[in-house]
Each structure stands twice: as C-alpha cells, then as structure tokens.
Amino acid sequence: MTDVVDVRDQRLARVDALVDTGTFTEFGSQARHRVHAFEMQRKRPAGDGVVTGTARINGRPVGIFSQDPKSLGGSLGEMHAAKISRLLDKAARGRLPVVGLLDSGGARIQEGVAALDGYGEIFRRNVALSGRVPQVSVVLGPCAGGAVYSPALTDIVVMRRLDSYMFLTGPRVVKAVTFEDVTLEQLGGADMHAESSGVAHLVAEDTEHALELVQRVLDYLPGSCWDTPPVFAPQPPDPMPDIPSDHRLPYDVRGVIRGVVDGDSFLELHERFAPNIVVGFARVDGHAVGVVANQPYHLAGCLDIAASEKAARFVRMCDAFGLPLVTLVDVPGFLPGTGQEAGGAIRKGAKLLYAFAEATVPRVTVVLRKAFGGAYIVMNSRSLGADAVYSWPGAELAVMGAEGAVDVIYRRELQADPEQRPALIEGYRAEAMAPQIPAERLSIDEVVTPGETRDMVAATLASLRGGLHPEFRHDNLPQ
Ligand code: HXC
C-alpha cells in the first residue's frame, strides 16, 4: 500500500508544485494501454504515463497534463493521447488555459501508427485552441518527436536548463541516419533553443523555477480570448534612464521599458534569441500589456529575419489575447545584405508588418531617437493603425539616415566634388529630418519628454480601455 501511495505522490509531485494546494481533480488515473505486441501486457502502468486533470493556479481555473518519464519513458500511446485530447476538449468547453508538463520520448514505438494518430489528434486540438485559450508548455526532460511539435504549437515554451532537451529525434537516431556525433545539449539543449532556434521563450534554472515562471506567465494572460487578464495594484515605474543623444551610441532599451511600465512587472521573453528586439509582458497601471522595443545594444537595434519573426509572433499572441501593445522605437532600418535577402527578409519581415497592421488591441508607440525607412512603418506606425504615436524631443523620422540619403540623391554632385558631402548631410538633416515635420503632419501625435512618457502611455491606454471588446480575433500561428 505504501508503494502505491509513493508512486502516486511521485507522479503528482510536479502538478502539486504548480497548482493551488488541494485544487487538482484528476481524471483517467486508471487508463491503461491495450497493446499485446512486444510483451507490452507486462508493462501497463495506471494512467498510461500521463496525469491529466483540472486545478487552480493563483485562484484561476486551468487544465493540466503532466507526463511521467518513469512510465514507459513518458512515451505517448493511444490511451495517453486520448487523455490529453480529452483534457484539451475540456479546456475548449470550459475556456481554460492549458499547461502541459512534458517529459516524453514521443510517439510510443511499440504502438506504431496508433501513437502517431494520437499525436495528430492532439495537434489538431492545439491548433483549434490557438488564440482562444492560452497554452503553455514546460519541458522537464528529454523530449522528442511529437513531444516537441505539440509545444511548438502552443503560445509559450518554458525549458528547464538542466537535463531538458527538445529534438525531432535523439542523438542515437541522428548517428544512425547521418553518422553525425552530437551531444544532447548540442542537438536540443535549453541554451541552444533559447539562443539559436528560438523554440524556448523562457529558460528556468530548475523545476521549481520553471513552474514559478508558468504561474507568472498566466498572471499576464486572460483565461481565454473572451476574458480579460487579472488586474493588479498599480506600481510606479523605475526612474527613466538618460540615453545618449548621439543616435549611433548604444544603450540598453530595457531601462526605458522599466521607466514606462509598472515597477517589477516586466517579464522578458526570448531574451537571448534575436536580442536586437526586446519583447515581453508587463503592466501599466496594473493592466497587462505587451511590450516591443528595438534594442540599440545589439546590431544597433536594426530589424532582421529573426527579430521580425520573434516580434511578429509576440504581437499576434498579444492581439489574440487582448493585451494592448506598447512599442518603443529606435531603429536604423532593416539589416541589409545578401544573407538577409537570400534568407527571406522580405517574406519574413512581412510577418511583422502583417502582425501590427492586423492588431485590433490598443496600440501606443513612442519613437525614442529615430525611425527610418520600412522599419519606421513596420514598428507600429500611425499608418499601420497605431492609436497614438509619441516621440521624444529631437527624434528623427525619415526614409533613411542622412549619410545614405545624400549618397543616393546627390550622386552626381558628390562625384564632381566629394568635399561637399558634410554640408549636404547637414542640409538633408535640416530639410528632411527636422523633428517638427512628423508632428506637423500628424505622423506623431505629440512630442513628449522622457519624464512624461509613462503618464502619456498610461493615459492613452486608459482612454482606450473602454473600447475593448473581447472576442475571438485570430490564432497564434507558429512563426
Ligand atoms: C517507447 C520509449 C520511447 C519511445 C523512450 N522510451 N522513448 N519507449 N517509445 N518513443 C523508453 C525507453 O525504451 C526506456 O524504457 C525509457 O523510455 C527511457 O528511455 P532512455 O532512452 O533510457 O532515456 P534517455 O537515455 O534519457 O534518452 C531519452 C531519449 C531517448 C533521448 C528521449 O529515449 C530517445 O531517443 N527516444 C526516442 C526518441 C524519438 O526518436 N522519438 C520520436 C518518436 S516519433 P525502459 O523500459 O528501458 O526504461 C514521433 C512522431 C510524432 O514522436 C509526429 C511529429 C510530427
């Protein structure tokens, strides 16, 4: 008897650590597979390797599944899949966020096509729920195949740093097929997915930290797209930092973000992936928002393929769940070059353009120092439908920087007399980049000082709050 209790406690330990005490209601605890091949009748763990049920997190209802690596490696067979599918159906009926704790070798090899069909059923439901209820995946062990594709369809992926991996197939199969020797870390470690692939939004130091991050993420999101996020007590922002007025000097835009949003409310996502753009959840006057900001610390804050995809998916997620967008702009343009063009910069940059243009949530933009060319338009400009665009004193908006511009429009003059380049640059600055021009023609609504920014953003968002009509907007397609 003691053994049974111990095994059950172990299975539930992760769920218990995540949810409010005593709120978990399990279903399907006696489900077992019905496979006879491969002597599988000798291994029929109760629950078939996954715990499923509903609970509360910080008082709000959620659906949860947690795979048990000690039962058949957490692998997914017919009954295991049926339990997760039933949970996703309950989430659709009850409009519940779903948290998946993943620790699985993927499709259970012994169950063949039944296991593959099981994944298909789950994927279909992940997609049907996309943009309707938040879906959060937490990777707490080596995960392969369907156990990584399902998280990729969800809104947020949290990976535990140690002993957690995500790959289509593990090192042994890689070696057999391509003769490549790779470690688990190289193939699918948390650092690789946080930095290079962009699969992981958040990396946690341990299981406890991962579950804390889930609780925190859910606090920014509504229970469903028909609901609104919880409102917290407003907090004053951090002091607004001074930033260099020379447009070519870098600074960390996260200081400016913290000078705009409520103190301690900023949770950055994808911190190390495409660091030239910063995205994350925050609150303004206690209300959840999504923040998108160019980061002059990396690649001078220019937009590239990775940054466009990262920000596009974030903007679409915020829009799907009704989070207003605060956009801080300091962008020299798109990164030029053959690598970007061949990599699809046009096609992929269009995703961010599309995401902002499509968004119907309240949208405020602040241009901090500069906004040039296509990147000016893309970064939630007035013409794409921003509700308000402010700029800091001296901010420059133009088709391109003065140096590049004079080389194009004065090509012949410069061939004849290269000495006049500095004067032409000055002239272009005075004529085309004068800060008052955008304000005169309503490309920006008002010039605000750094010190006034928080209050202007907060007042603008407050004025738009009454106009929120929670409704299904769109899915959160993986980018
Ligand atoms: C059945 C599995 C399994 C699987 C692991 N196990 N994966 N059983 N089907 N897919 C079992 C192992 O036999 C073992 O059982 C136990 O789980 C622990 O596995 P180990 O290999 O000992 O653990 P570890 O060394 O930590 O390695 C974990 C792993 C490795 C890297 C995940 O098991 C692995 O490479 N598994 C196969 C991964 C894979 O290629 N899956 C893709 C499936 S296809 P015992 O009894 O010895 O404890 C798929 C398609 C979906 O998912 C469709 C996508 C579109």
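We count ligands from 1, going down the list as the structure has it; atoms in each ligand are counted the same way.
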Next on the checklist: Any donor-acceptor pair under 3.5 Å linking the side-chain atoms of Arg14 with those of Thr207?
Outcome noted: no
Next on the checklist: I want to know if ligand 1 touches Gly105 in the polar sense, i.e. an N/O pair below 3.5 angstrom.
Outcome noted: yes
Item to check | Under 3.5 Å: donor-acceptor pair, side chain of Lys351, backbone of Gln479 | outcome: no
Checklist entry - Which residue supplies the protein heavy atom nearest to atom 51 (C) of ligand 1, what is that atom called, and how far is it? => result Gly146 N, 3.3 Å
Checklist outcome for this item: the protein heavy atom lying closest to atom 46 (O) of ligand 1 turns out to be Lys43 NZ, 3.9 Å
Item to check | Residues Asp206, Arg160: salt bridge by 4.0 Å N-O rule | outcome: no
Checklist entry - Taking both backbone and side-chain atoms of Arg172, is any N or O found less than 3.5 Å from an N or O belonging to ligand 1? => result yes
Checklist entry - Are any side-chain N or O atoms of Arg60 and backbone N or O atoms of Leu218, one a donor and one an acceptor, separated by less than 3.5 Å? => result yes
Item to check | Pair Asp262, Ser265: side-chain N/O donor-acceptor within cut-off below 3.5 Å | outcome: no
Checklist entry - Quick check: does Leu168 get an N/O under 3.5 Å from an N/O on ligand 1? => result no
Next on the checklist: Any protein heavy atom at under 4.0 Å, with atom 13 (O) of ligand 1 as the reference point?
Outcome noted: no
Checklist entry - Where the closest heavy atom to atom 31 (C) of ligand 1 is concerned, which of Phe123, Phe167, Tyr119 has it? => result Phe167
Checklist entry - Who's the nearest protein heavy-atom neighbour of atom 43 (C) of ligand 1, and how far? => result Ala107 N, 3.7 Å
Item to check | Short side-chain donor-acceptor distance under 3.5 Å, Ser150 and Asn126 | outcome: yes
Item to check | Taking atom 9 (N) of ligand 1 as the reference point, the nearest protein heavy atom with its distance | outcome: Ile109 N, 3.0 Å
Next on the checklist: Could you identify the single nearest non-hydrogen protein atom to atom 29 (C) of ligand 1 and state the distance to 0.1 Å?
Outcome noted: Pro142 CB, 4.4 Å
